[in-house]
Amino acid sequence: MHTRTTSTTLVVTAILALAACTTGGGTENADATASPSASQPLESQDKASNALALEKAVRSYVTALYQPDVATARGLLSQRCGAKADKSLFSNIVEGYAADFGHLSVKTFAIDQMTSGEARVSYTVGLPNLDTTNEHWTRESGKWLYDGCMT
């Protein structure tokens, strides 16, 4: 029982650390490294296709976090986050999510803000303490990637 409590505590701590950086922490550095196209508004047709691609990426990432599918989740990290994420710790966190919370997926999804190269999204997974707001995503080589890591 103590091991499960410790595991849950570690996972919740990791979630809070990740959430802290996605709800304001790190915004300055992420904006400073954004490409010039990141601030350009999208045309309506491009916006629709980008929105669909973004939603698909977010849903894939969340599903991978709670399966657990470490390789897929890691593959959906931005270059910046991938470089910062310790492979062993990331693997333990992802495996802990499924063990502690079960197989969750995105229930509701909203794009809070989107340009051609950056987006902020909010979504629910069915557990209020894990619902996410204003999560940072970036587009690299035409692919939407999670970019809410600590800076």
Side-chain angles (χ1 to χ4, degrees), residues 1-31 33-34 38 42 47-151:
M1 182 68 168
H2 183 265
T3 302
R4 177 138 174 96
T5 302
T6 301
S7 174
T8 300
T9 302
L10 289 173
V11 170
V12 169
T13 300
I15 290 170
L16 292 174
L18 289 172
C21 67
T22 62
T23 57
T27 301
E28 297 80 15
N29 288 344
D31 291 342
T33 59
L42 296 171
K47 188 173 184 176
S49 63
N50 273 326
L52 289 174
L54 174 60
E55 182 174 359
K56 182 179 178 183
V58 172
R59 288 180 181 278
S60 294
Y61 181 71
V62 171
T63 298
L65 286 179
Y66 295 103
Q67 284 301 311
D69 182 348
V70 177
T72 297
R74 190 159 180 83
L76 286 165
L77 295 177
S78 67
Q79 184 177 0
R80 183 177 71 86
C81 290
K84 291 181 179 202
D86 176 81
K87 288 181 183 179
S88 178
L89 177 60
F90 185 80
S91 178
N92 289 339
I93 290 170
V94 172
E95 290 170 4
Y97 284 170
D100 290 339
F101 303 110
H103 300 297
L104 301 177
S105 61
V106 173
K107 303 296 182 203
T108 63
F109 175 83
I111 297 173
D112 304 318
Q113 179 183 8
M114 184 171 66
T115 64
S116 59
E118 293 185 337
R120 299 281 179 167
V121 302
S122 297
Y123 55 86
T124 63
V125 294
L127 294 174
N129 60 325
L130 298 178
D131 292 345
T132 302
T133 59
N134 204 33
E135 185 174 81
H136 189 233
W137 284 72
T138 191
R139 197 160 181 209
E140 296 175 359
S141 300
K143 183 178 176 184
W144 285 106
L145 303 168
Y146 173 75
D147 194 47
C149 58
M150 296 174 139
T151 56

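Please read all numbers here as calculations on a predicted model, not as lab measurements.
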Item checked: Trp144 vs Glu55 side-chain heavy atoms within contact, under 4.5 Å -> no
Item checked: Distance, nearest 0.5 Å, that separates OG of Ser88 from CD1 of Ile93 -> 9.5 Å
Next item on the list: To the nearest 0.5 angstrom, please state how far the CG atom of Leu54 sits from the CD1 atom of Ile111.
Entry: 4.5 Å
Item checked: Separation between NZ of Lys47 and OG1 of Thr115, rounded to the nearest 0.5 Å -> 10.0 Å
Note to self: Once you measure the plane-to-plane angle for Trp137 and Tyr61, does it fall in the parallel (<30°), tilted (30-60°) or perpendicular (>60°) bin?
What the structure shows: perpendicular
Checklist line | Sub-4.5 Å side-chain heavy-atom contact between Asn50 and Arg139 | finding: yes
Next item on the list: Answer yes or no: is there a donor N or O on one side and an acceptor on the other, between the side chain of Asp131 and the main chain of Val125, under 3.5 Å?
Entry: yes
Check: So, for Asp147 and Arg80, which heavy atoms are closest and what is the spacing to 0.1 Å?
Finding: O-NH2, 3.0 Å
Check: For the side chain of Thr132 and the backbone of Ser122, is there at least one donor-acceptor N/O pair under 3.5 Å apart?
Finding: no
Next item on the list: Taking the side chain as every heavy atom from C-beta outward, state whether Val106 and Thr124 have any pair of such atoms under 4.5 Å apart.
Entry: no
Note to self: To the nearest 0.5 Å, what is the distance between CG on Leu127 and OH on Tyr66?
What the structure shows: 7.5 Å
Next item on the list: Any chance you could measure Leu76, atom CG, to Lys143, atom NZ, to the nearest 0.5 Å?
Entry: 5.5 Å
Notebook entry, point to check: Which pair of non-hydrogen atoms, one from Ala85 and one from Arg74, has the smallest distance, and what is that distance?
Noted result: O-NH2, 3.1 Å
Next item on the list: Would you please test Cys149 and Leu77 for side-chain contact (heavy atoms from CB on, under 4.5 Å) and show each step?
Entry: CA-CA 9 Å; Cys149 58; Leu77 295 177; over 6 Å; no
Check: Which heavy atom in Tyr97 sits nearest to a heavy atom in Leu65, and how many Å separate them?
Finding: CB-O, 3.3 Å
Checklist line | Whether over 12 other heavy atoms sit under 6.0 Å from Glu140 CD | finding: yes
Notebook entry, point to check: Just checking, is any N or O donor in the side chain of Ser105 or Thr63 under 3.5 Å from an acceptor N or O on the other one?
Noted result: no
Margin query: Just verifying a value: how many Å separate Gln67 CD and Leu104 CG, rounded to the nearest 0.5 Å?
Written below: 9.5 Å
Next item on the list: Check whether any side-chain heavy atom of Arg59 lies under 4.5 Å from a side-chain heavy atom of Tyr123, and answer yes or no.
Entry: no
Checklist line | Minimum-distance pair of heavy atoms, taken over all atoms of Thr72 and Ser60 | finding: CG2-O, 4.5 Å
Next item on the list: Show your reasoning for whether side-chain contact (heavy atoms from CB on, under 4.5 Å) applies to Arg120 and His136.
Entry: CA-CA 5 Å; Arg120 299 281 179 167; His136 189 233; 3.5 Å; yes
Next item on the list: For Ala73 and Val94, work out which heavy atoms get closest and say how close.
Entry: CB-CG2, 4.4 Å
